[in-house]
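The block underneath contains the structure these notes are about, expressed in structure tokens.
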Amino acid sequence: MIRSRIAAPRARFTLAVLGLAVLVLFASAVAARAQADTANPAGQQPELTQTIFLNNAISQRELNDMQTALRNMLPRAHVYSVATQSAITIRAAADEQAEAQKLISELDRAQKPYRLTYTFTETDAGKPGGTQHVSLIVLPGSKTVLKQGTRVPILTGGAEQDAKSQVQYIDIGLNIEASLLGTSDSLRLETNIEQSSISEEKPAATQDPIIRQTRLDGSTQLVPGKPLVLGALDLPGSTHHLEVAVVAEPVR
């Protein structure tokens, strides 16, 4: 009879310990689940990192445009451009990585080069003069520079017989810089045209020649195959009038 009375409290103590152990295990499971949910909210996929090397988009402008497109289309992804490697690094979930690869393959296409033909038409006092054609091959997103003329020495730093005098060369003639942006449906031309010549007039105070210079800077839309007049101007110190036109044609 005494043993039964002693065994009952022991049984109740054992049940209490077991209940406490169950509560501790349940609390641990709840905490682990909460931690997992915090690390991966709403069941999101784990993020992966990959670097995609580009074949055609190599300029900084093209990299920036591609990076902007990826960030707009995949706002949860982390997108970085590496200009020195012509590459895009992406950290995102697997489904977003696949979508990014598809978008990059659509954007990273070879650009078709264009032939820009500049036509310089000169008149003298209203009478037809000479016509000059200059052609450049320009790749959209890049710049092409043409220099045609003579390098003329100019004495600087003192008189002609001065030991401290130095010779500096300047380019006389025609200089053209051309950049194309956009696509065949919407081409934008940014161009700089500079034409210079040495005047027959001689200054009295110096041995250096007088250089006459005409410069045209502009940005305009082009339709492939359709000529466009960029500007018309009078050449200073003469009765000559110069008209500049340009046409863009795709290179087959």
Side-chain angles (χ1 to χ4, degrees), residues 52-70 81 83 86-88 102-124 126-151 170-197 212-236 238 240-252:
I52 302 175
F53 294 92
L54 308 176
N55 297 318
N56 302 291
I58 57 176
S59 69
Q60 185 63 57
R61 186 194 298 270
E62 291 171 323
L63 285 174
N64 292 341
D65 290 345
M66 187 172 294
Q67 181 175 279
T68 300
L70 289 168
S81 63
S86 299
I88 296 288
K102 180 181 177 181
L103 183 60
I104 289 176
S105 65
E106 294 174 351
L107 295 176
D108 186 29
R109 294 182 177 180
Q111 296 282 0
K112 294 182 179 180
Y114 284 84
R115 178 183 291 104
L116 292 179
T117 301
Y118 291 84
T119 300
F120 301 87
T121 304
E122 187 174 344
T123 58
D124 185 3
K127 298 179 181 180
T131 300
Q132 181 183 8
H133 301 283
V134 179
S135 294
L136 310 175
I137 300 298
V138 183
L139 192 66
S142 62
K143 179 172 69 173
T144 300
V145 178
L146 178 142
K147 291 187 178 183
Q148 185 181 61
T150 306
R151 301 200 73 194
I170 60 174
D171 293 322
I172 299 297
L174 178 64
N175 295 333
I176 300 177
E177 294 184 5
S179 299
L180 278 179
L181 302 172
T183 63
S184 59
D185 297 329
S186 179
L187 278 178
R188 187 169 82 252
L189 169 66
E190 294 181 356
T191 190
N192 170 271
I193 302 172
E194 182 180 297
Q195 193 168 43
S196 58
S197 61
R212 300 193 183 280
Q213 186 181 71
T214 302
R215 185 185 180 98
L216 175 65
D217 289 309
S219 177
T220 186
Q221 295 293 127
L222 288 181
V223 177
K226 184 177 180 180
L228 177 69
V229 176
L230 296 177
L233 43 92
D234 295 322
L235 300 181
S238 70
H240 293 264
H241 180 82
L242 185 66
E243 182 180 273
V244 183
V246 66
V247 61
E249 298 171 306
V251 178
R252 303 299 181 183

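Atom set for the values below is all heavy atoms of this structure, side chains included, hydrogens, waters and symmetry mates excluded.
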Using distance only, find each side-chain donor-acceptor pair of residues 130-142 under 3.5 Å and give its atom names and separation, not counting sequence neighbours.
| unit_1 | atom_1 | unit_2 | atom_2 | d |
| --- | --- | --- | --- | --- |
| Gln132 | NE2 | Gln148 | OE1 | 3.0 |
| His133 | ND1 | Thr119 | OG1 | 3.0 |
| Ser135 | OG | Thr117 | OG1 | 3.2 |
| Ser142 | OG | Leu139 | O | 2.6 |

Under the salt bridge (charged side-chain N to carboxylate O under 4.0 Å, His left out) test, residues paired with Asp65 that sit two or more places apart: none
Report the distance from atom OH of Tyr114 to atom CG of Leu180, rounding to the nearest 0.5 Å. 8.0 Å
Which heavy atom in Asn175 sits nearest to a heavy atom in Asp171, and how many Å separate them? ND2-CB, 4.3 Å
Can you tell me how far the NE2 atom of His241 sits from the CG atom of Asp124, to the nearest 0.5 Å? 12.0 Å
Val247 to Gly225 - nearest heavy-atom pair and separation: CG2-C, 3.7 Å
With sequence neighbours left out, the residues meeting salt bridge (charged side-chain N to carboxylate O under 4.0 Å, His left out) with Arg215 are Glu194, Asp217
Quick one: does any side-chain atom of Asn56 pair with a main-chain N or O of Asp108 as donor and acceptor, under 3.5 Å? yes
CG of Leu146 to CG of Leu174, rounded to nearest 0.5 Å, is 6.5 Å
Working to the nearest 0.5 angstrom, can you tell me the gap between Gln221 CD and Leu181 CG? 9.5 Å
Stepwise, does the side-chain contact (heavy atoms from CB on, under 4.5 Å) test hold for Leu230 with Leu216? CA-CA 8 Å; Leu230 296 177; Leu216 175 65; 3.9 Å; yes
Point-to-point distance, once rounded to the nearest 0.5 Å, from CD1 of Ile104 to CG of Leu70: 5.0 Å
Validation row: Phe120, Ile193 side chains within 4.5 angstrom (heavy atoms): yes
Would a distance-only check, ignoring hydrogens and angles, find a side-chain to backbone donor-acceptor pair under 3.5 Å from Ser81 to Ile88? no
Side chain of Thr191, backbone of Glu177: donor and acceptor closer than 3.5 Å? yes
Which heavy atom in Pro224 sits nearest to a heavy atom in Leu187, and how many Å separate them? CG-CD1, 3.9 Å
In terms of heavy-atom contacts, Pro128 and Thr123 come closest through CA-CG2, 4.2 Å
Are Pro250 and Lys112 packed together at the side-chain level, in the sense that at least one heavy-atom pair is separated by less than 4.5 angstrom? no
Side-chain contact, heavy-atom cut-off 4.5 Å: Leu54 with Leu63? yes
Does any non-hydrogen side-chain atom of Leu116 lie less than 4.5 Å from one of Ile176? no
One pair to check against side-chain contact (heavy atoms from CB on, under 4.5 Å): Leu242 and Gln195. What are the steps and the verdict? CA-CA 11 Å; Leu242 185 66; Gln195 193 168 43; 3.2 Å; yes
Would you name the heavy atoms of Met66 and Leu107 that are closest together and state the gap between them? CE-CB, 3.7 Å
